[in-house]
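Have a look at the structure below, then the notes.
Chain A is the first sequence line, chain B the second, and so forth, proteins listed ahead of strands; every chain is numbered from 1. Just so it is clear, the structure is predicted and the values come from calculations on it, not from any experiment.
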Amino acid sequence: LISGALQWLAVVALAYFAAVNCVYLLFTAIAARELARRRRERLFAAEDEAFASPLTPPISILVPAYNEEAGIVESVRSLLSLRYPEHEVIVINDGSTDGTIARLTSEFDLVPVPKVLRAHLASAPVRVAYSSRRHAQLWVIDKENGGKADALNCGVNAARYPYLCAVDADAMLEEDALLRVAKPILDDPELVAASGGIVRIANGCRVDHGRVLKPGLPRRRLASVQVIEYMRAFLVGRIAWSRAGILLIISGAFGLFRRSLVEAVGGWSTKTVAEDVEIVVRLHRYLRERGEEYRIEFVPDPVCWTEAPEELRTLAWQRRRWHRGLGETLWKHRTVLGNPRYGSLGLIAFPYFALFELFGPVIEALGYPIVIAAFATGAVSLPFLLAFFVMSVLLGVLLSLSALALEEFSTRRAWRAADTARLVLIAILENLGYRQINAWWRLRALADLSFRRRQGWGEMRRRGLGLEAGRRAGAPAVSRRRLRRRFGGAA
Amino acid sequence: MLELLTLAALAFGLGGAFSVFALTARRLVVVRRERRRVAAEARLRPLALALLEGEAGSLHDLARRDARVLAGLIGRYRRRIRGESAERITAFFEQRGLVDRELRALRSRRALRRATAAFALGDMGAETATSALVRALQDPKRCVRASAARSLGSLEAVAAVDPIVHAFAERRVPRLIAGQALLAIAPRPLRSCAGLTSDPDPEARAFAIELLGLLGDPVDASYVLPHLRDTSAEVRAKAARALGRLGAEEAAAELAAALDDRIVFVRAVAARALGLVGDTNAVPALLEVARRDDFAAAHAAAAAAAHLDPRQVTVAAALEAAGPHLQEAATLLAVRG
């Protein structure tokens, strides 16, 4: 009986494995086709015209910041110098306990101004607003701590322009990133509700004054593995979802939204740890419930660079938080699941994220003991077990290498030969250990969610990206801060 | 089952190996091609500059690959220059038969090839391509239509004004590209835009009014003024903005009346426009809006009043009933001067 049950369970696990990987392969094929199309269309994107046009709408960039003294000046400087016809930068200091405000004040000659904020969205009280004598388009709002979502909502209240771009304080945008992420909106302002750009890992890159001068691979293996992960997530997953019109995630590090819609849905939610995912789902629901035609787009071209955790403990906290956030969002919007009223959102995206993303770690974690037990009881043979193991590793490698190939074929930049070789090696090795530990972290997140355990704040130990500039200015090169502030949600 | 797994493993392994092979091969090809292109561009740059200056000799003995690199190089220059040099570049493309080649490509079965050709014809400055590009505005593919519109703008093709305006009104060309093309052809699109202001579609009316505001001068305010009473709030707001951009002083009274519009964002745009028009008589009305109105209108009115009469705003901000918007505007005046 046990042998029969185990055999049956092994078949279920295998079927699940086959289904999820078929979906991944399908995503890869869609992404390859879409990237090829976009690469060719880039030849006539007319970016210069968009930059020069008085018809290009102005954008308010919102930068929530908590204990960011190490890199905030570089970050703001790079945002002020973005190539875009008209934009303002609003830094929302979310009750930092370090010298974030002091550094901003001295660098940008800030003076207190009794700025009036809208009262559309609730947020923690504002202490004081600052305007810069040197840059009229820079505002700094100093408020009491309320979390990233709360800071973003405060930024919405302070924003002047019809579009909002949420950017992490430690993220660095490429010079044309804003112009490129706004391209769908410039083309179809009535249709596009939001757009998100690609996020890449800046560890290992040569950075100066808030700009990545030369991309490179991180020295530490843990950060290098994340490079491959980000490629899979952004270049494969999001492009495919965007193509299907059901993109659920716009990275908290870099996303553009129509302000009126953000206000209409009530802003970013302060009750979830993945406010970036949740707001996109809410936008989908809001627009679908009103039967409006809309698009939420992912643009693979604009690049936002961010720092990845290099320590196992920090990474574990981050992944648990992301997974918990996904679970919270799916639970909060559970009425969408399988509901034909929401079309492909309810019938494809939600079931996929629930079955393959949220509960994937459970199946994966159960799969290992089941297969081993099935082998021990003779339900499956050793050759079968070995063949399955080799096949699953090779499939993982194939998916990673496909993402790497897509990156090489589709983007304007190429890795150094030595880095490409390292990435290939990492694509093989990540299947042996890293993948399993990742599943374990996500499983713990599910446990947190099930037992309603509050996740601790954790700490992010970061080196800072503009190290040289930071040292010159006398700022600490390494800072600690609460993890919640650092990572805005699932990549 | 075992055989199936073995086969799958073999297939994935081969797939992975192929990916590595493709990566390596592409890397080699890209590096080699890039190195060759950089070298060729460095070698041909003096020739391209000589061509711009009209000092280049015969180019007939130029190798085919070099001719392609040279064409790419001067095509990029063509986007930034005007006058005789631009004409010389166009002549170069025509003499080399490259214009004809791209015109043929406009009839290609592949949409991407058609779009690339439409784009290239604009960079080449080939005025002979105007009618073909106007026809391309009817292409079934949006990318081709957008490329054609952009190139017609580069060519400053007056004959394309009506077709571009209609292509936009029928949503066949992206708003930004249509607008930018019409701005490039300025001031000839004015009449077409004026015609479009009576379009039944409010979005088309709003677009036409916005362009009138960008292209016209104060005498064109007569086309825009009636739309301050349009049924669509979006159109009323665009009309107010356009009147502000045009600096239409005779519209000041109508704009001041628009401060009582029932939609707050129309009131806000009207306030901003009054600031741009520069009518100091509007300051008391603006101060009143700044004191009493909803956020957007009050904020815009305070900024406009500060722009028109900083002293009055400073005085008004000191009063007890000034309200926060006037206080903010007065502080900003003190901070930024």
With rounding to the nearest 0.5 angstrom, report the CD1 to CG distance, A:Ile185 to B:Leu176.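 One finds 12.0 Å between CD1 of A:Ile185 and CG of B:Leu176.
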Distance, nearest 0.5 Å, that separates CG of A:Asp187 from CD1 of B:Ile177: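 With rounding to 0.5 Å, CG (A:Asp187) is 5.5 Å from CD1 (B:Ile177).
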Taking B:Glu210, B:His299, B:Gln327, B:Glu203 one by one, which has the highest count of heavy-atom pairs under 4.5 Å against chain A?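 When all of B:Glu210, B:His299, B:Gln327, B:Glu203 are compared, B:Glu203 has the most.
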Can you tell which of B:Leu214, B:Asp294, B:Leu211 has the highest number of heavy-atom pairs within less than 4.5 Å of chain A?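 Top option by heavy-atom pairs under 4.5 Å: B:Leu214.
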Closest approach of A:Trp139 to B:Leu332 (non-hydrogen atoms, all atoms of both residues):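 Smallest interatomic distance, heavy atoms only, reads CH2-CD2, 3.9 Å.
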Quick check: closest heavy atoms across A:Val116 and B:His325, and the distance to 0.1 Å?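 Answer, listing the atom of A:Val116 first, then B:His325: CG1-CE1, 3.6 Å.
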Among [options], single out the residue with the greatest number of heavy-atom pairs under 4.5 Å to chain B.
| options | answer |
| --- | --- |
| A:Ile428, A:Thr56, A:Leu399, A:Leu117 | A:Leu117 |
| A:Val397, A:Leu386, A:Asp188 | A:Asp188 |
| A:Pro54, A:Ser402, A:Pro114 | A:Pro114 |
| A:Ser131, A:Ala136, A:Pro112 | A:Ala136 |

Has B:Glu328 got a side-chain atom pairing as donor or acceptor with A:Lys115's backbone, closer than 3.5 angstrom?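 Pair absent, no side-chain N/O of B:Glu328 close to backbone of A:Lys115.
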Using the test side chain to side chain contact (heavy atoms under 4.5 Å, CB included), find all partners of A:His120 that sit at least two apart in sequence or belong to another chain. A:Arg118, A:Asn157, A:Glu263
More than 12 heavy atoms of other groups within 6.0 Å of B:Arg110 CZ: no
For the CZ atom on B:Arg175, are there more than 12 heavy atoms of other groups (residues, nucleotides or ligands in this structure) within a distance under 6.0 Å?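 Atom CZ in B:Arg175 is crowded, with more than 12 foreign heavy atoms closer than 6.0 Å.
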Does any heavy atom of chain A fall under 4.5 Å from the side chain of B:Arg113, the backbone, both, or neither of them? neither
What part of B:Arg142 gets closer than 4.5 Å to chain A, counting heavy atoms only: side chain, backbone, both or neither? side chain
Heavy-atom cut-off 4.5 Å, strictly under: side chain, backbone, both or neither for A:Ser400 against chain B?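 It is neither, since no heavy atom gets under 4.5 Å.
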